[in-house]
Structures are given as structure tokens and as C-alpha cells.
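Every value quoted in this text rests on a predicted model; they were computed, and no experiment measured them. We name chains A, B, ... by the order of the sequence lines, and we start the count at 1 in each one.
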Amino acid sequence: MSFRVLIALSVSAATLAGCVSVDGVAERDRALSAAADHADPVAPYDVPLPQAGETLSEDGAAALAVARNPALRAQLAEAGLARADWATAVLPPNPVVEATWFNPEGTGAVLDMDVRAPAAAILGYPMRRAAARAAYDGAQAQAVMDAIDFAADARRSWVEAVAANERAALQQQILQSAEAALVVAEEIDTAGNAPTAALARQQLMTLAARTDADDARQAAMLAGLDLEVMIAGEAELPDRLPDPAPVKVPEDAAEQALAASLPLAAARNEAERATRAAGYETLDSLLGAMEIGPAFDIEGGETETGISAHLDLPLFGLGHPQRAAARIRAQQAADRYTALEAEIRAAITAQVAEMNWASERARFIREELLPASTRSLDETMRQYNAMQAGVYALLDAFNAQVSAGRAYVDAMARYHRARIAYMAMMQGGSPAGVQISAPGAGAAANAGEDH
Amino acid sequence: MKLSRRNALLGGATGLAAAGLISSRANAQTQSWPAHSATIPAAPAQPPGRGYRPVVTPNGATLPYRVVDGVKVFHLIAEEVEHEFAPGLNATCWGYNGRVHGPTIEAVEGDRVRVYVTNRLPAPTTVHWHGVILPSGMDGVGGLSQRSIHPGETFVYEWTFVQHGTFMYHSHHDEMTQMALGLMGMLVVHPRRPRGPQPDRDFAIMLSEWYLPAGASRPDPNQMSDFNILTMNARCYPGTEPLLIRRGERVRIRFGNLSAMDHHPIHLHGYAFRITETDGGEIPASAQHPDTTVLVPTGATRTVEFVADNPGDWAMHCHMTHHVMNQMGHGLPNLTGVNARRIDRAVGQVLPTYMTMGQDGMGEMGRHIGMGHMDVPDNSLPMVGAEGPHDYITMGGMFTILKVRDQLPADGSDPGWYDPPEGTMARAASTDELRRDGIDV
């Protein structure tokens with residue numbers, strides 16, 4: 001190889017180095033735009049908080065969270081980092097230049113120069129480049145999924161905050177009822193109409209109600225804080241969760257979810273990357289740190305060329321562990337893909353079932369249980385007016401009505417959590433990790449499930 | 001039975017004599033039957049007696065009869081009846097001939113009676129003639145005296161009355177259930193030869209008790225102690241018909257008590273009466289004592305007599321205070337003396353229509369309901385009363401009014417409220433009066 005050719009190659013490489021740009025903001029925008037294609041809403045930036053008097057809707061919470069949350073921005077930066085890795089990977093390996101110049105006893109300069117490049121990098125360049133591309137695609141998909149999942153998390157946080165506020169309001173009514181009963185007990189005690197034990201009993205019940213109300217207020221405060229963190233701001237929430245709206249579930253929902261699934265696509269990419277990386281690793285482990293390239297000896301204006309090679313002698317290992325590890329990683333990625341496919345299929349089925357169950361439970365409570373509790377209260381009031389029932393029985397009937405309202409809030413929250421998880425999965429988000437348990441077991445409502 | 005000429009003449013004479021009994025004092029002595037049935041001889045039946053002043057059963061009726069071959073034939077039909085205790089309170093009960101309680105049976109000592117009993121109930125039944133001396137097999141105790149009358153069957157009872165007095169009839173099969181649902185009635189046997197003047201007014205009143213939860217429409221026969229409807233002739237005040245009496249009339253009131261568990265001390269305002277008779281027979285005049293309250297034990301009759309010489313509207317009621325209330329609730333918190341406003345404010349925060357009651361008794365409850373201030377269960381009565389001429393009458397249950405007037409409407413209708421003469425009614429004391437009499441308020 002002539003020196004002239006070498007210079008020409010170097011210039012080409014330098015030029016090539018500038019062709020794959022890395023722009024973190026552009027990568028984030030690309031991820032958000034792709035997420036918007038899957039899910040709605042994933043809003044553009046600068047989504048303002050609701051005005052005074054306006055309440056924040058579930059959609060608004062999702063849009064604000066995606067637009068403003070710094071944790072999501074940090075997560076989406078991974079896509080930029082992956083692009084940087086790709087940009088590195090598409091470049092040919094930099095050659096190593098070893099030059100020795102000496103002028104023995106002033107008789108004339110001698111320049112001894114070797115230019116070498118790692119053989120494995122040269123031979124495995126296509127594989128390495130393809131693997132890096134796959135990694136980048138995977139990172140992009142992950143970023144899109146992160147945006148979709150984050151929007152779903154924001155929705156869940158909104159649901160939990162509204163539900164917690166409703167529960168706190170209902171618990172406050174129970175407390176008011178207990179305090180009213182306490183007033184009655186105090187008056188009866190003052191008038192000398194009952195033994196002190198009756199007052200003591202009512203005081204105890206009132207204290208218990210106060211504790212429950214405090215717990216509910218605390219839970220509402222924490223849920224509200226969680227939402228504020230998500231949307232990076234404060235907002236006023238509506239008084240109640242919206243009633244369930246019909247969600248048309250296609251018969252092939254599982255297949256559609258699998259086809260749209262970004263985590264599954266990422267897992268597929270990862271499996272392909274790992275397979276390619278395994279091939280490259282074989283080369284790398286065999287060739288080790290071998291470098292090969294042309295050698296030049298320039299003396300007295302005359303250039304002699306030859307070949308220069310630099311390698312590690314494989315006296316203590318032929319790279320078997322490396323190759324085995326690469327194969328294991330490739331199989332691991334394949335197994336993870338299979339497991340994820342099964343998980344997604346099960347999760348979508350579970351979410352549909354949960355959505356249907358909770359919707360029916362909410363309907364039952366709304367159309368049967370709540371009216372029955374109202375009728376019971378009305379009839380008890382009539383019995384009270386006829387002096388057949390006392391004031392305590394009346395307040396008990398009131399408490400039963402409030403309990404029915406509490407059950408409705410729990411059913412609604414459960415429905416909305418399932419709906420959000422289902423929609424996110426249909427749009428390509430990750431499986432919600434629904435706890436598949438008997439109805440009622442989750443009624444206390446954790447604030448959203450982990451991915 | 002063949003009617004002999006002698007008997008026919010005797011029956012006619014009795015009838016003629018009866019027409020003059022209103023003002024005459026009969027000299028003929030009626031044989032005073034001892035109370036013990038063993039000493040009562042078996043007497044031959046006599047022609048159907050008609051010489052008596054028929055009893056009035058307020059809110060009730062008398063069972064008609066026909067005479068067949070000298071026998072008074074009655075027909076009782078035991079059946080389910082839709083009954084009104086008072087306006088606004090109805091229930092599905094068991095009674096006779098479409099009535100609760102059954103119609104009063106009237107006969108005359110010596111009458112041969114034949115009573116057909118048709119059972120249209122869903123359960124077997126019998127009829128026992130309470131206090132009547134008759135053959136054992138006619139006594140009506142199901143399983144002991146006779147087989148019970150199955151649904152759809154008609155049995156016949158027949159006997160000759162060998163006594164006179166005030167008696168009762170009632171089911172004697174599954175008594176707890178059937179009597180609790182109303183199967184009872186009064187039975188009056190007039191003397192063949194009355195001793196002393198006949199009363200000008202003769203009333204029959206059956207006392208009984210029921211448990212009917214507010215809003216329910218069938219009495220609960222399983223109740224043993226918490227009865228909440230107390231009745232005279234199966235009516236509770238304000239559903240009881242007043243007893244209308246002209247001033248100066250001789251009045252007889254026959255009480256029968258077939259309450260499940262309670263005796264009733266019936267108190268009459270404005271009069272002292274004599275207790276003249278039990279269901280065992282007449283009380284000799286020397287043994288009659290004056291009283292203003294007659295205790296009528298459960299399963300017994302008591303008859304009182306007096307001359308209505310004190311005009312006015314006179315309350316007559318059981319003096320057990322819980323028996324003059326309707327559908328009273330028990331086991332409620334005692335709110336007497338509490339600060340109702342404080343409670344209203346506290347409870348009103350969760351129940352805006354709530355109003356504290358009972359802080360100063362129950363007297364206002366009925367009026368509030370009557371004025372529509374409170375919604376109460378359908379088919380229920382306020383615990384007490386009705387509007388009176390001067391204020392709300394805070395009575396209910398086993399309560400009625402004797403209206404004694406100088407003149408009564410010819411058609412027998414209610415003469416309205418008594419208008420007391422000037423100076424004979426309690427009123428607010430004037431300041432001058434208080435000062436004059438040294439009353440320091």
C-alpha cells in the first residue's frame with residue numbers, strides 16, 4: 001500500500017466520522033413523536049396547567065406529565081446515548097501508527113513507520129455495525145415505550161388522586177355521623193337518661209371514625225403529591241371519577257397487543273443484536289488483540305513497504321469463555337422474548353377481564369346497591385318519624401349508604417386502572433403486571449402497579 | 001223441636017212483657033242460677049226468646065239468625081278479612097262473616113241454638129263458646145271436644161242456653177295464632193225473665209291486643225309481650241266509635257277480654273258504676289261494689305251498670321298507659337330532657353330532614369304527622385290521637401268516649417263535641433284570680 005493511498009483512506013475515514021450525527025433533543029423528539037403515533041395524548045411541549053376554576057382531566061394529566069416531567073426526559077436521553085453508540089459503531093476502527101525516526105551518527109534520517117488496525121474489527125465490521133444498529137433501534141423502541149408507559153402511569157396517578165379524594169370526603173361524612181351520634185350520647189348522658197357506658201361506647205366509636213378519616217386524608221394528600229410530581233406542578237382535580245364508558249375490545253385483542261408491543265419489539269431486537277454480537281464475539285475472541293497493517297521504512301528518500309502484524313500469543317486461553325458467554329447472552333435474549341410474549345398475552349387477557357368485572361361491579365353498585373341503600377335510609381327515616389326506630393339506627397342507615405358510595409369509588413378506581421393498562425398495552429406499552437387476585441382483595445387500591 | 005201450645009203462649013207472653021220492660025220493674029223472679037255448672041239442671045229448650053233490648057256493639061254488628069223448627073240458627077264463617085283498625089291503619093286479619101271481630105251473637109236464656117261454622121281459612125279451626133254451659137262435645141276445644149274443622153268444611157254446634165250473661169266465642173285451635181289474628185266475638189244471652197229494669201243502653205265491647213309493626217299489614221301472632229295495637233271491638237282510637245247515651249238512661253256495658261297476655265283495667269270518667277256480672281253469672285246486689293275502674297282479666301267478662309246522669313264527653317279507656325297508645329316503639333334512646341337544638345344541628349349536618357323527638361314526651365308527634373311535617377311509613381298510625389274540640393287528644397289504643405247528652409239526634413248520628421256550660425270548663429287563670437287567691441306562680 002502506498003503512502004498516498006494511506007493518506008487518502010485517512011481523509012475518507014475522517015469524513016465518514018462526521019456522517020452519523022448525535023443530537024439528544026432530536027432523539028427525544030423522535031421518541032415522543034413515535035409515541036404519539038401509538039398513543040394519545042402524548043402532547044407537544046409547553047402544555048399549560050389548567051386555569052383557575054378548571055379541573056385537570058385524566059388526558060390533561062397524561063399530556064402534562066409527558067411534556068414536563070424531568071424524570072421522563074432523563075429516561076428518554078437513553079435514546080441519544082444509544083445513537084452515540086451507534087455513531088461510534090458505524091466508524092471503521094482507527095489504525096494504530098507506530099513511527100520510529102532516528103538519524104544514526106548523522107548519516108541520514110531513517111523513518112520506520114508501521115500502520116496497523118485490529119484484524120477482528122476489520123473483518124467483523126459489518127457484524128459490529130449491524131449489532132450497533134439493532135441496539136440503537138432497540139433503545140429507540142424503549143424510549144417510545146417509556147413515553148407510553150409514563151403517560152399510563154400519569155393516568156393511573158390521576159385516578160388514584162381523584163379516588164383518594166373521594167374516599168376522604170366519604171370518610172369525613174362517616175366522621176360527621178359519628179360526631180352527631182356522640183352529641184346525642186352526650187345529651188342523653190347530661191340528662192341522666194342512660195348509664196355512662198353508653199357515652200363511653202360512643203366516644204370510642206367517634207375516635208375510631210376520626211382515625212379512619214385522618215388516614216383517608218393522609219392517603220389523599222400522598223396521592224395528590226404523587227400526581228404533582230408526575231405533572232411537575234399543582235392542579236385542581238374533579239370531585240369524582242368519571243363513570244365507565246364502553247370500551248370495545250376486539251376478539252383478537254391479544255394478537256393486536258402482541259403486534260403493537262414495543263417491549264416485545266425491543267426484546268426481539270435485543271435477541272437479534274445478541275445473536276449478531278455472538279458472531280462478532282467469536283471473531284474477536286479468536287483474533288484477540290491482533291493488529292495487522294502495512295509497514296514503511298523510509299530511508300534516504302527511499303521507501304520500503306512491507307506488512308506489520310501485532311498479536312497476543314494465545315498461550316493461556318483461546319477465548320472459549322467469551323464465546324460461551326456470547327452464546328448464553330444470545331439464548332438468554334431469546335428466552336426473554338418468549339417469556340415476554342407469554343406475559344403480554346396473559347396480561348391483556350387479565351386486563352380485559354378486570355375491566356369487564358369492575359365495570360359490571362360499578363354498574364351493580366350504581367343501579368342496585370346505592371338505590372337500595374337510599375331506600376333503606378328513607379324507610380328508616382320514616383320509621384324514625386313514627387318513633388319505631390331511634391336516632392342511632394337512623395345514623396347507622398346513613399353510614400350504610402356512605403359505605404355503598406365507598407364501594408362504588410373502589411370499583412370505579414379498579415375499572416379505570418384496568419382500562420388504562422389495557423389501552424397502554426394495545427398502544428404498545430409494557431404489560432401492567434396486574435395482580436391476578438379475587439375481587440375485593442385489591443379493593444384498598446395501591447397507587448398503580450409496577451411495570 | 002215441637003212447639004207446644006203452652007210454650008208458644010209462654011213465648012208470646014214473654015215477648016209482650018218485653019215490650020214494656022223499658023220503664024217497668026218486673027215482679028217476676030228469675031231463678032238465679034248458681035255459677036257451678038254441675039248444679040244447673042238440664043232444662044228443656046224454650047221457644048225462641050225475643051224480649052230483650054238488643055246490645056249495641058260499637059264498630060261491630062249482631063249476627064242475624066233464622067228460626068227453624070223453634071231453633072235459632074246462626075251461621076259463622078271463619079275467613080280472612082281486610083280490617084281497618086283506624087283510618088290509615090289496615091291489616092289482613094282473620095275474622096267471622098267479613099268482620100273483625102266476629103259479629104255479636106245474641107240469644108235468650110232457654111233458646112235452643114244451632115250454630116253452623118264454615119271454615120274458609122287456610123288452616124283448621126274450631127269455635128269455643130267461652131263461659132257457656134253446654135255438652136262437652138259442643139265445647140269446641142279442637143282435639144278434645146271435637147275434630148277440628150278443616151278448611152272448606154262446615155260443622156254444626158247445637159245446645160240449649162241454660163244461663164244468661166255475657167260470654168264470648170273464639171277459636172280453640174292453634175289459639176295463639178288464630179286469636180292473635182282476630183278470631184273472637186261477643187256472645188250475649190239475655191235472661192228469659194229479667195230481674196230488675198232492663199238497661200236503656202246495652203253495649204258489648206271486646207278488648208284485645210295485637211302486634212302490627214308500622215308499615216306492615218298483617219299482625220304478628222308470635223308476639224308475646226310487645227303488643228302495640230290495643231283495641232275495643234278491634235278498633236283503636238281515633239277509630240273507636242263513641243257510645244251515645246241520653247242523659248238519665250240506665251247504661252250497661254259488657255266487657256270481654258280475649259287479649260293474649262294482658263288484663264285491662266277499664267276506667268270510666270265522670271261516673272261510678274257497679275260491677276254486676278261476670279261470665280260466671282250475676283253478682284248478687286249485696287256483693288256489687290261501686291268502682292270507677294273495672295279490671296277485666298284476660299279470658300273473662302265483666303259487666304258494669306250505671307245511670308248516665310252526668311252530661312258531657314267522658315273518656316273510657318284502659319288505664320295501663322301503654323295501652324292507650326298506637327304502635328309505640330320500644331327500645332329507643334331516651335331523649336327526655338335533652339337539648340334538642342344541639343342534636344338537631346349535629347344530626348342535621350348529615351340528615352337535613354332530621355328532627356329530634358321525645359325530648360318533652362310524645363304528645364306532639366301525632367299533630368306533627370297530621371300536619372304533614374314528617375313522612376311516616378304507609379299503613380301506620382301516630383302513637384297518639386286526634387284533634388279534639390280544645391286541643392289535640394293525646395290518646396290512642398284502648399280508648400273511647402261516652403257522649404252523654406240531654407238530646408241525641410234521631411238518626412243516631414254523632415252529636416258532636418260537648419259544649420260545657422259557662423263556668424264549667426278549666427281555663428287559664430287570670431292575674432286577678434291569682435292575686436285574689438294568693439297564688440304565687
Between [X] and chain A, which part of the residue has a heavy atom less than 4.5 Å away: side chain, backbone, both or neither?
{"X": "B/L351", "result": "side chain"}
{"X": "B/L335", "result": "both"}
{"X": "B/Q359", "result": "neither"}
{"X": "B/M365", "result": "side chain"}

Looking at B/G215, B/P333, B/G337, which has the largest count of heavy-atom pairs under 4.5 Å with chain A? B/P333
Counting heavy-atom pairs closer than 4.5 Å to chain A, which one of B/I369, B/L381, B/T353 comes out on top? B/T353
Heavy-atom closest contact (A/A386 atom, B/V376 atom, distance): N-CG1, 3.9 Å
Nearest heavy-atom neighbours spanning B/P377 and A/Q383: CG-NE2, 3.3 Å
Is it the case that the side chain of [X] and the backbone of [Y] share a donor-acceptor pair, with hydrogens and angles ignored and the cut-off at 3.5 Å?
{"X": "A/Q173", "Y": "B/V350", "answer": "no"}
{"X": "A/E187", "Y": "B/N339", "answer": "yes"}
{"X": "A/Y384", "Y": "B/M355", "answer": "yes"}
{"X": "A/N193", "Y": "B/T336", "answer": "yes"}
{"X": "A/N385", "Y": "B/M374", "answer": "no"}
{"X": "A/Q388", "Y": "B/Q327", "answer": "yes"}

Please say whether more than 12 non-hydrogen atoms of neighbouring residues, nucleotides or ligands are located less than 6.0 Å from CZ in A/R363. yes
Side chain proximity check, A/Y392 to B/L332, heavy atoms < 4.5 angstrom: no
Are any non-hydrogen side-chain atoms of A/V183 and B/V347 less than 4.5 angstrom apart? no
Side chain / backbone / both / neither for A/L182 at chain B, heavy atoms under 4.5 Å: neither
Side chain / backbone / both / neither for A/A389 at chain B, heavy atoms under 4.5 Å: backbone
For chain B, the option from A/V402, A/T190, A/D378, A/L394 that forms the most heavy-atom pairs under 4.5 Å: A/L394
Could you go through A/M387 and B/M357, starting from their C-alpha distance and side-chain angles, then the distance that decides it, and tell me whether this counts as side chain to side chain contact (heavy atoms under 4.5 Å, CB included)? CA-CA 8 Å; A/M387 301 192 86; B/M357 291 188 290; 4.0 Å; yes
